[in-house]
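Here the structure is laid out as structure tokens; the discussion comes afterwards.
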Amino acid sequence: MNYFELFSFTPAYHIDTALLAERYRELQRAVHPDKFANASEQDKRIAVQRAAQVNDGFSTLKNPILRAEHMLSLKGVDLSHESTTVKDTQFLMQQIEWREELEDITDSNDPDACISELHDSFSLYAKQIEDNLSYLLADLSEDGLLQAADLIRKLKFMAKLQVELERIEDALFD
Amino acid sequence: MALLQIAEPGQSAAPHQHRLAVGIDLGTTNSLVAAVRSGVANTLPDNKSHHSLPSVVRYTESNVEVGVDAELNSAKDPQNTIVSVKRFMGRSLSDIQSGSQDLPYQFETSENGLPLFVTKQGKVNPIQVSAEILKPLISRAEKTLGGELEGVVITVPAYFDDAQRQGTKDAAGLLGVKVLRLLNEPTAAAIAYGLDSGQEGVIAIYDLGGGTFDISILRLHKGVFEVLATGGDSALGGDDFDHLLHHYLSSEWQLNELSATLSRQLLIEARRVKEALTSDEQVIATLNLDDGTQLSHTVTKTTFETLISALVKKTVNSCRRALRDAGIKADEVLETVMVGGSTRVPLVRELVENFFAKKPLTTIDPDRVVAIGAAIQADILVGNKPDSDLLLLDVLPLSLGIETMGGLVEKIVSRNTTIPVAKAQEFTTFKDGQTAMAFHVVQGERELVDDCRSLARFTLKGIPPLAAGAAHIRVTFQVDADGLLSVTAMEKSTGVQSSIQVKPSFGLTDEEIGAMLKDSMANAKEDITRRMLAEQKVEAARVLETLSAALQKDANLLTKDEQNLIEQSMAALAQISSQDDADAIEKAIEAVDASTQDFAAKRMDNSIKLALKGQSVDSI
């Protein structure tokens, strides 16, 4: 399913998220099962399915990584179920280093400062990848597809680090 | 029960006719019913002007007492008087017994792991007890509104998992009541407030009830209530404050072994003290022992707050997490709304106010706000307000996953995903000729199966026998707007639809519900047959009504031949539904369904296109 089409957008890495949210609400008004509370069982079933599609489309287009992934999948490159990893050694070394820093947070003197510092480093690094990705996706060539796929994989690594950081932050509060 | 008046097929009931539907807040300590009358939503009192019904059920030899009567006898007969049954919903006996509370009940376990209370009327499960609480509320509503209800909206804590939701729905099912929707309590409160104020922006609903805690972050925008994130604890509430006081007092008084009766008395006293401390600085707790001595102890507000502070802080941490999940900062929250009786505790208000840095809204009675919101939603869902703008977009509170090798969980749908949601996952066979596959569905955030809640086990059967790894089974997990899970599976290469037998871990199977329904009816067989027939007739009328409307509007989506086929199947259904054969009507409905499947999908897709039509023009 082409979610850009469903939401009436031209496939692009940068989209107007306010407009996306607006269209999402309009689509849900048309298909949400609550609008079919008095309809036949068949209509209800279809409504649940369509509403689920609209929800999935919204969450895909809303999230930059998933949106980029969706753009690639429309070009025949499916990243969602793969297990291929990144082969960039420098990137992997950086990941390991950050993982170690994450582990040290809890025992440090000023965990809050560590968290905020790491958060900034993650954001900065991810931003650079995103900029490259945005450039590549603006004009996709056959070669660019593979490079873009690689950048998306890297962004996924960054997202995992971010989740891990949040988990540690939560643990500090509890 | 709960049947609508059947109009002649193809001819709908008068449009201005008011359909009866209510909202029910099935609470841990108190339950309420509310309805929209003359455009105003309000809770309905009983004939003694009480709005709340204590959620207490007492089983005596001769009858079942519910509410105030049961509560009055609670201390006298704790074993047969079930309080806070909501905490047992969707739980196993071992879950319950691992809690800190001393329970006076005698338990057994059903085949499916449901706890059974052994009472003077035999064994009853939490779903049946909950149905007893719903019963007087429904009859109160039918008496007040002067007719049978067409449907109810029942509220549940946002943090309720699938088993707890299913149990709640089944409780209504045992009474033959149609559940229009299970509505999350904080969302219900948001409706009650939001429709009044017409505000736009992000609001936080902090809901601390008798036994459950929810925090929901919502965005309100032109009638759309979009839940951004929800969090909480389905086993934390004002009850726990009572138990902490109970524990504190019994150790102050050095009461080592309390009888069930005395323990219940002390719990009731603890609650009184807690409530009195909302306005007083100190309260004297007393307890009369069996030998006539009276114990007393002064409890100060400070002591009480020290006891409960860890629990209250826990709720504030949940608020922090929910905000983060929503991607919202505390200062972006426009309003915070307090819901639930336990938000009367001053320490709760203070900490919540500090966290969000604004005074929480309490203008609607926190005990009634949930039922009122549910009534507004029920009124719309039943069809009394076809032009309403209201739309609720809620989320899944806890991740859904399946067990994989080594007792690990593979997440299929993560928490805070907007529902309805459908996710498909592919599996393959690992043996040659394998025709069945077993699955274990769990809910929770942890990585190990044992740390998550077991929801159901199901077996896929009828996989075509192929070489190992050759069969590709696509399993689709779908969560509907009520937050309830259903699973379907298909073998991809052959298109064979595999059958699934879902066995809920701590719930009732459809057969058990059927059996209980039968038991609960005096003239079982005849009643059930009559009801089945009436239900099929209602559904037939509904199908014909919506289809004729659809044909009138969208016949252009069909070829003449397609339209003829549909009209034939409709004529057949109209003819059969005027007779008294439930099975035949059901088959005729299925035939109509089959003949209109493409039409229904086309119409839905057409309405999707129309929804964005104005939009696209605007944005060019």
Side-chain angles (χ1 to χ4, degrees), chain A residues 1 4-10 15-60 62-63 80-81 119 162-163 165-167 169-174, chain B residues 19 151 180-181 219 221-224 226 313-314 316-317 320-321 324-325 377 380-383 389-393 417-423 426 478-482 539 542-547 550 589 592-593 596-597 600-601 603-605 607-616 619:
Chain A
M1 167 133 233
F4 288 103
E5 214 166 77
L6 177 64
F7 283 80
S8 225
F9 275 102
T10 318
I15 59 172
D16 180 343
T17 47
L19 189 62
L20 175 71
E22 180 81 3
R23 290 186 179 173
Y24 168 65
R25 286 188 287 264
E26 290 310 317
L27 287 176
Q28 280 296 4
R29 276 191 202 287
V31 299
H32 195 276
D34 281 358
K35 300 286 175 192
F36 297 85
N38 285 304
S40 65
E41 292 302 321
Q42 172 161 273
D43 282 350
K44 280 183 200 165
R45 251 192 334 266
I46 297 174
V48 172
Q49 285 164 6
R50 290 294 188 277
Q53 268 173 357
V54 170
N55 277 331
D56 195 44
F58 183 50
S59 59
T60 302
K62 198 168 54 170
N63 177 312
S80 55
H81 297 105
H119 181 81
Q162 190 60 40
V163 168
L165 184 66
E166 280 163 7
R167 200 188 57 80
E169 199 178 351
D170 275 349
L172 283 174
F173 273 117
D174 290 339
Chain B
R19 298 173 162 184
L180 295 165
R181 183 81 132 75
R219 189 192 299 283
H221 188 93
K222 292 181 186 154
V224 180
E226 185 186 356
K313 279 187 187 144
K314 213 170 142 186
V316 174
N317 279 339
R320 179 176 294 114
R321 205 164 303 157
R324 202 202 51 218
D325 288 349
Q377 166 80 335
I380 293 168
L381 289 182
V382 82
D389 265 350
L390 182 78
L391 182 63
L392 305 182
L393 302 170
T417 301
T418 309
I419 50 175
V421 59
K423 293 268 162 162
E426 268 179 40
Q478 181 178 283
V479 180
D480 66 13
D482 288 336
E539 179 61 17
R542 200 197 298 276
V543 167
L544 290 172
E545 191 185 319
T546 46
L547 253 179
I589 292 176
V592 172
D593 271 0
T596 57
Q597 200 152 11
R603 265 191 315 122
M604 196 71 79
D605 291 335
S607 69
I608 288 182
K609 273 193 208 119
L610 286 175
L612 288 190
K613 212 168 180 186
Q615 278 280 328
S616 310
S619 67

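The analysis underlying the following values was restricted to heavy atoms, covering all of them including side chains, and did not include hydrogens, waters or symmetry mates. Chain naming here is simple, since letters A, B, ... match the order of the sequence lines and numbering starts at 1 in each.
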Contact origin within [X] toward chain B - heavy atom pairs under 4.5 Å:
| X | result |
| --- | --- |
| A:Q53 | neither |
| A:R29 | both |
| A:A21 | neither |
| A:F58 | side chain |
| A:N55 | side chain |

Given heavy-atom pairs under 4.5 angstrom as the criterion, report whether the side chain, backbone, both or neither of [X] touches chain A.
| X | result |
| --- | --- |
| B:A600 | both |
| B:V316 | neither |
| B:L547 | neither |
| B:T596 | both |
| B:E226 | side chain |
| B:I608 | both |

Worksheet item: Are the charged groups of A:E41 and A:K44 less than 4.0 angstrom apart, N to O?
Response: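 Here A:E41 pairs with A:K44 in a salt bridge, since their nearest N and O are under 4.0 Å apart.
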Discussion item. At a heavy-atom distance under 4.5 Å, which candidate from A:Q49, A:R45, A:Q28, A:K35 has the highest pair count against chain B?
Written reply: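 Greatest number of close heavy-atom pairs with chain B: A:Q28.
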Practice prompt. Could you check B:L393 against A:Y24 for side-chain contact (heavy atoms from CB on, under 4.5 Å), going step by step and ending with a plain yes or no?
Written response: CA-CA 11 Å; B:L393 302 170; A:Y24 168 65; 3.7 Å; yes
Could you check whether any side-chain N or O of [X] sits under 3.5 Å from a backbone N or O of [Y], counting only pairs where one atom can act as donor and the other as acceptor?
| X | Y | result |
| --- | --- | --- |
| B:R19 | B:G383 | no |
| A:S8 | A:E5 | no |
| A:R50 | A:V31 | no |

Practice prompt. Would you please name every residue forming a side-chain contact (heavy atoms from CB on, under 4.5 Å) with A:D56, sequence neighbours left out?
Written response: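 Scan of A:D56 (side-chain contact (heavy atoms from CB on, under 4.5 Å), adjacent residues dropped) gives A:Y3, A:S59, A:T60, B:K423.
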Worksheet item: Between B:L381, B:V421, B:T546, which residue shows the highest count of heavy-atom pairs closer than 4.5 Å to chain A?
Response: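 Answer, by heavy-atom pair count under 4.5 Å with chain A: B:L381.
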Item to complete: Among the options B:R181, B:R320, B:K222, B:K314, pick out the one with the most heavy-atom pairs lying under 4.5 Å from chain A.
Response: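 Looking at each option in turn, the highest pair count goes to B:R320.
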Fill in: Side chains of A:N38 and B:E545, donor plus acceptor under 3.5 Å
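No - no donor-acceptor pair under 3.5 Å links their side chains.
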Discussion item. Under 3.5 Å, is there a donor on one side chain and an acceptor on the other for A:E169 and A:H119?
Written reply: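 No.
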Worksheet entry | For B:E539, side-chain hydrogen bond (donor to acceptor under 3.5 Å, both in side chains) partners two or more places apart |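 B:R542.
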